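This is a predicted model, so every value here is computed, not measured. All chains are named by letter (A, B, ...) in the order of the sequence lines, taking the proteins before the strands, and each is independently numbered beginning at 1.
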Amino acid sequence: MHAVKLQPETSSPTKPHRLMIGIDDLSLVFETNDGPVHALSHINLDIHQGDFVSFIGPSGCGKTTLLRVIADLEQQTSGTIHVGGTSPQDARLNRLYGYVFQAPALFPWRTIASNCALPMEISAQPKSHRQAQIDKYLTMVGLQDFKHKFPWQLSGGMQQRASIARALCLEPELLLMDEPFGALDEITRDHLNMELLKIWKATGKTLVFVTHSIPEAVLLSTHIVVMSPRPGRIIKVIESPLPRDKTLALRDSEAFHALAAEIRQALASDHQID
Amino acid sequence: MKQQLKSLTQTQGFAVLTLVLGILVIWYIAALLMNGNQMINMLERTGQSWTYIQVLQGAYSIQRPPLPVPHQVAMELYQSVFNQAVTSRRSLVYHSMITLESTLLGFALGSLLGILIAVGIVHNRTLDASLMPWVIASQTVPILAIAPIVVVVLGSMNLTGVLPKAMISMYLSFFPVVIGMVKGLRSADKLHTELMITYNASAQQMFWKLRWFSAQPYLFASLKIAISAALVGAIVAELPTGAQGGLGARLLSGSYYGQTVQIWAALVISALLGWALITLVGMAERLVLNRRGLRG
């Protein structure tokens, strides 16, 4: 049950399917005072360009750790991983991905526009370009009117939207999101989910999304990676039968419920094994 | 009416006023006890009969009382601030300006030195281990012992005037800045730091775009301590240097000649000066932090 390949290399002949992330027999062990913790155990996973992949599982299943390994914020103990054809470190140094944390992590001393400018300042992009990017993506997330406000003047949902705009401003091929809507109320979350889908469709980016909400995973993803704790591992990868063009109304459909049930069963089946 | 009285007594001003009145009452009673004895001695020596009314009057008006009363100090303050030319040795404004000059120079040098040491400590593990014990040891040496050494050493290099005094102010004021800045530079939020790592930010960018700003609230807290320490340093430096001007010199000459009223007036001016300096730093703090959206 350990080794699960997402899909064969030629599953969908209709669109180009460059491999974006390739993970092969990857394990990560944290050494703690209470002995080794197997955060990730023998992970095999392929993620292709343009996919929207969700990691779902109970807390402690290693979904955030896996995302951090992709982002080069953690390093594996064994196994190999490629991101965009290079090592995660090179991918990070080349600013291949944008990372959205669970908290907005906006700098409180910068305005919203200035926060969005930060990654572009660091990568030394010209000011005119920075301004154009900020306008484009703040408009996309609906914050154009708030660009001169400071973070504390915005609600939690707006702050998180600003942090998504900030990640988009660098135009990364790959967007890594760690429970970005986890701290928000359900209504705001629904709204942002639909906006995220719109952005994903508009930009054609590859998205890796960590969540512990089954409906959110079903609503957003093309592929759902079900994970389990102790040791952190993948127990099932489900390719969504739902269309890529999704609406909130889809949540009342038969297919939606069937997929949600499949995820729930996968999570439960593992529980019985434990 | 009762309601109004109640709300009046609960205001902050009322509380402050009560406290001040209380202190004044205690002060005048203490002055009567301390100065009264001296007054009685003086009256006895004249050999004539005396009354307690004379003691009461004299206790609050003798020339060099052990404890001057507030109105005497206030009179002296008024005389030496408003009724003297600011270039006169008798003017407290003149002395304050001399002390202020070395305070501000020492504060500027000390803050700069403190920030530089803190940056070194935060970015270099060797400096952290080697420099911090010395920084702490420097503050355990009594400043009164250091001050004459500094003055003599600098004097032998023909450096006199404001610089030796400023060095002593610097010596006292760099310490809180080091401690606050080390803490502040290390206080950057973990998420913010990781965000910068995902952007492949250089060490310089990490400093100028994140750590410097994270440290600012700590820096301002330290600067408030540093500026009052710089003032103390400047005054202390004026004691052993035989300085002719400055609040320290004024305090010293007051104690030579038993001019207690003059000492108290200089003390009050030092306190006001310290309060004004800290208030200025506080205003700068609000200006900078508010503009940066950091409230508080």
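Within the 3.5 Å criterion, the main-chain N or O of I121(B) finds no donor-acceptor partner in the side chain of D128(B). Using a distance-only test at 3.5 Å, with no hydrogens or angles considered, a donor-acceptor pair links the side chain of T206(A) to the main chain of G50(A). Proximity of a side-chain donor or acceptor of N115(A) to a complementary backbone N or O of T111(A) within less than 3.5 Å is detected. Side chain of S41(A) to backbone of H38(A): no donor-acceptor contact under 3.5 angstrom is found.
The part of Q205(B) that comes within reach of chain A is its side chain, from C-beta onward, which places non-hydrogen atoms under 4.5 angstrom from that chain. In this structure, the portions of S214(B) lying under 4.5 Å from any heavy atom of chain A include both its backbone and its side chain.
Using modelled atom types and a 3.5 Å distance limit, the side chains of E216(A) and T211(A) yield a donor-acceptor pair. Side-chain contact annotation: D34(A) with T32(A), donor-acceptor N/O pair under 3.5 Å absent.
Heavy atoms only, all atoms of each residue included: I134(A) and C116(A) are closest at CG1-CB, 3.9 Å.
Contacts between residues 91-105 of chain A and chain B, defined by a heavy-atom separation under 4.5 Å, are made by R92(A), L93(A), R95(A), Y97(A), Y99(A), F101(A), A103(A), A105(A). Residues from residues 156-177 of chain A that place a non-hydrogen atom less than 4.5 Å from a non-hydrogen atom of chain B comprise R166(A), L170(A), given in numerical order. Contact annotation for residues 56-89 of chain A against chain B (heavy-atom separation below 4.5 Å, listed by residue number): R68(A), L73(A).
Checked against a 6.0 Å centroid threshold, the rings of F207(B) and H123(B) count as neighbours. Taking the six-membered ring where the residue is Trp, the centroids of F52(A) and F209(A) are separated by under 6.0 Å. Separation of the F107(A) and W109(A) ring centroids falls under the 6.0 Å cut-off.
Sequence neighbours left out, the pairs with a member in residues 207-221 of chain B that pass salt bridge (charged side-chain N to carboxylate O under 4.0 Å, His left out) are E121(A)-K209(B).
For the pair L45(A)/F55(A), a side-chain contact is recorded, criterion being any heavy-atom separation below 4.5 Å from C-beta on. Looking at K165(B) and V236(B), their side chains never come closer than 4.5 Å, going by heavy atoms from C-beta outward. By the 4.5 Å heavy-atom criterion applied to side chains, M206(B) and I197(B) are counted as neighbours.
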